[in-house]
2 protein chains.
Amino acid sequence: MSQAVQKVDVFQAIADPTRRDVLHLLSERNQSIAEISSHFDISRTAVVKHLNVLTEAGLVRGEKNGREKIYYLQFEPLKELKDWLAYYEQFWHNKLTKLKFVVENDQ
Amino acid sequence: MSQAVQKVDVFQAIADPTRRDVLHLLSERNQSIAEISSHFDISRTAVVKHLNVLTEAGLVRGEKNGREKIYYLQFEPLKELKDWLAYYEQFWHNKLTKLKFVVENDQ
DNA sequence: CTAATATAAAACCTATAGGTGTTATTTAGA
DNA sequence: TCTAAATAACACCTATAGGTTTTATATTAG
């Protein structure tokens with residue numbers, strides 16, 4: 001199989017503020033676990049757990065490089081979020097359009 | 001004050017699949033607690049708890065109508081999600097642009 | 001080959017998310 | 001005005017998310 005089954009969905013993965021911070025850090029630069037951890041007050045083990053959740057959601061990928069493990073951002077799972085959001089944007093757009101119609105035809 | 005402080009953020013609110021289902025139901029039709037509950041296997045009390053979380057996040061609004069309480073969707077908090085997502089879309093767009101440049105200038 | 005560095009793995013703790021059932025309270029309608 | 005319907009308010013249970021510390025395994029640099 002090309003890709004392991006996704007155990008954590010993107011909604012759950014980005015629910016935690018620390019994990020969102022990790023994603024932001026990785027958007028600035030690919031980093032090792034040690035580098036990432038240095039930005040947080042929590043233990044390195046805790047950071048690794050968050051990285052595991054993000055990995056299971058497919059939002060990041062870790063590659064061993066010598067004794068380091070470098071983490072990279074992955075965009076693909078955010079597409080699901082984008083689609084989900086698009087549905088409600090469309091919903092809202094329709095509602096506003098109807099409202100506009102009512103206002104214009106009201107006296 | 002016009003609006004209570006937001007106790008639950010939108011990321012947390014949409015993390016639960018049941019709550020996402022509730023939002024979807026409300027996008028089809030404004031509904032009472034009883035109506036919403038009828039679509040789920042969990043107890044009405046549990047549904048109410050989810051509605052409370054969604055309310056605290058500002059994603060829904062409940063209005064008493066006689067002995068019923070009708071729930072409505074609210075779009076506004078989704079803007080934060082949209083902005084968050086836009087950042088990573090931009091990030092990805094830039095990355096692809098750079099990649100394209102490299103490919104085109106490579107031999 | 002050994003010391004130091006970086007990560008992995010395991011066992012454990014605690015707060016809380018998501019669920020339950022039971023008991024008020026409010027309101028509509030015969 | 002009494003009963004049934006709809007919601008609100010409690011008290012309670014259990015799994016797990018998010019954190020800790022400790023111990024083991026790889027890997028690089030002298």
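Lettering follows sequence order; numbering is per chain, from 1. Below, all heavy atoms of this structure are taken into account, side chains as well, without hydrogens, waters or symmetry copies.
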Next item on the list: Map A:Asp41 and A:Gly66 onto DNA chain D by nearest heavy atom, then report which one ends up closer to the 5' terminus.
Entry: A:Asp41
Checklist line | Proximity of B:His24 and A:Tyr87 rings by center, below 6.0 Å | finding: yes
Next item on the list: From the options C:dG19, C:dG18, D:dG19, select the nucleotide whose nearest atom is closest to the side chain of B:Arg19.
Entry: C:dG18
Margin query: It should be established whether B:Arg44 places a side-chain nitrogen or oxygen under 4.0 Å from OP1 or OP2 of nucleotide D:dA6.
Written below: no
Notebook entry, point to check: Please give, in whole Å, the distance from D:dT7 P to B:Glu68 CD?
Noted result: 6 Å
Check: Tell me: CG of A:Asn65 to P of D:dT27, nearest whole Å?
Finding: 11 Å
Note to self: In this structure, how many angstroms lie between the C1' atom of C:dA17 and the CD atom of B:Gln12, rounded?
What the structure shows: 9 Å
Next item on the list: Can you figure out which of C:dG19, C:dT27, D:dC10 approaches the side chain of B:Thr45 most closely?
Entry: D:dC10
Note to self: As a test of reading the structure: which of C:dT7, C:dA6, D:dG19 is closest to the side chain of A:Thr18, going by heavy atoms?
What the structure shows: D:dG19
Next item on the list: Could you state the atom-to-atom distance from CZ of B:Arg67 to P of D:dA6 in whole Å?
Entry: 6 Å
Note to self: Closest approach to the side chain of B:Ala46, judged atom by atom: which nucleotide of C:dT7, D:dA29, C:dG19 is it?
What the structure shows: C:dG19
Check: Rounded to the nearest Å, what distance is computed from the NZ atom of residue B:Lys64 to the P atom of nucleotide D:dT7?
Finding: 9 Å
Next item on the list: Could you check which of C:dG19, D:dT21, D:dA9 has an atom nearest any side-chain atom of A:Ser43?
Entry: D:dT21
Next item on the list: Please tell me which of the listed nucleotides, C:dA11, C:dT7, D:dA29, lies nearest to the side chain of A:Lys49?
Entry: C:dA11
Note to self: For A:Tyr88 and A:Trp84, take the angle between the two ring planes, folded into 0 to 90°, and tell me which bin it lands in: parallel under 30, tilted 30 to 60, perpendicular over 60.
What the structure shows: tilted
Margin query: Can you see whether B:Phe11 has A:Arg20 sitting over its ring - NZ or CZ less than 6.0 Å from the centre and within 45° of the normal?
Written below: yes
Margin query: Of the options C:dT7, C:dA28, C:dG18, whose atoms approach the side-chain atoms of A:Lys69 most closely?
Written below: C:dT7
Notebook entry, point to check: Rounding to a whole Å, what distance do you find between A:Glu35:CD and C:dA6:P?
Noted result: 10 Å
Next item on the list: Would you mind reading off the distance between A:Ile33 atom CD1 and D:dA26 atom C1', rounded to a whole angstrom?
Entry: 13 Å
Note to self: Whole angstroms only, please: what is the CD1-P distance between A:Ile14 and D:dG18?
What the structure shows: 13 Å
Next item on the list: Go through the steps for B:Gln90 and B:Asn94 under the test side-chain hydrogen bond (donor to acceptor under 3.5 Å, both in side chains), then give the verdict.
Entry: CA-CA 6 Å; B:Gln90 189 58 47; B:Asn94 289 345; 3.1 Å; yes
Next item on the list: Could you please name the option among C:dG18, D:dG18, C:dA28 that lies closest to any side-chain atom of A:Asp16?
Entry: D:dG18
Check: Choosing from C:dG18, D:dG19, D:dT20, which nucleotide comes nearest the side chain of A:His50?
Finding: D:dG19
Next item on the list: Please round to the nearest 0.5 Å and tell me the distance separating atom CG of A:Leu81 and atom NZ of B:Lys82.
Entry: 12.5 Å
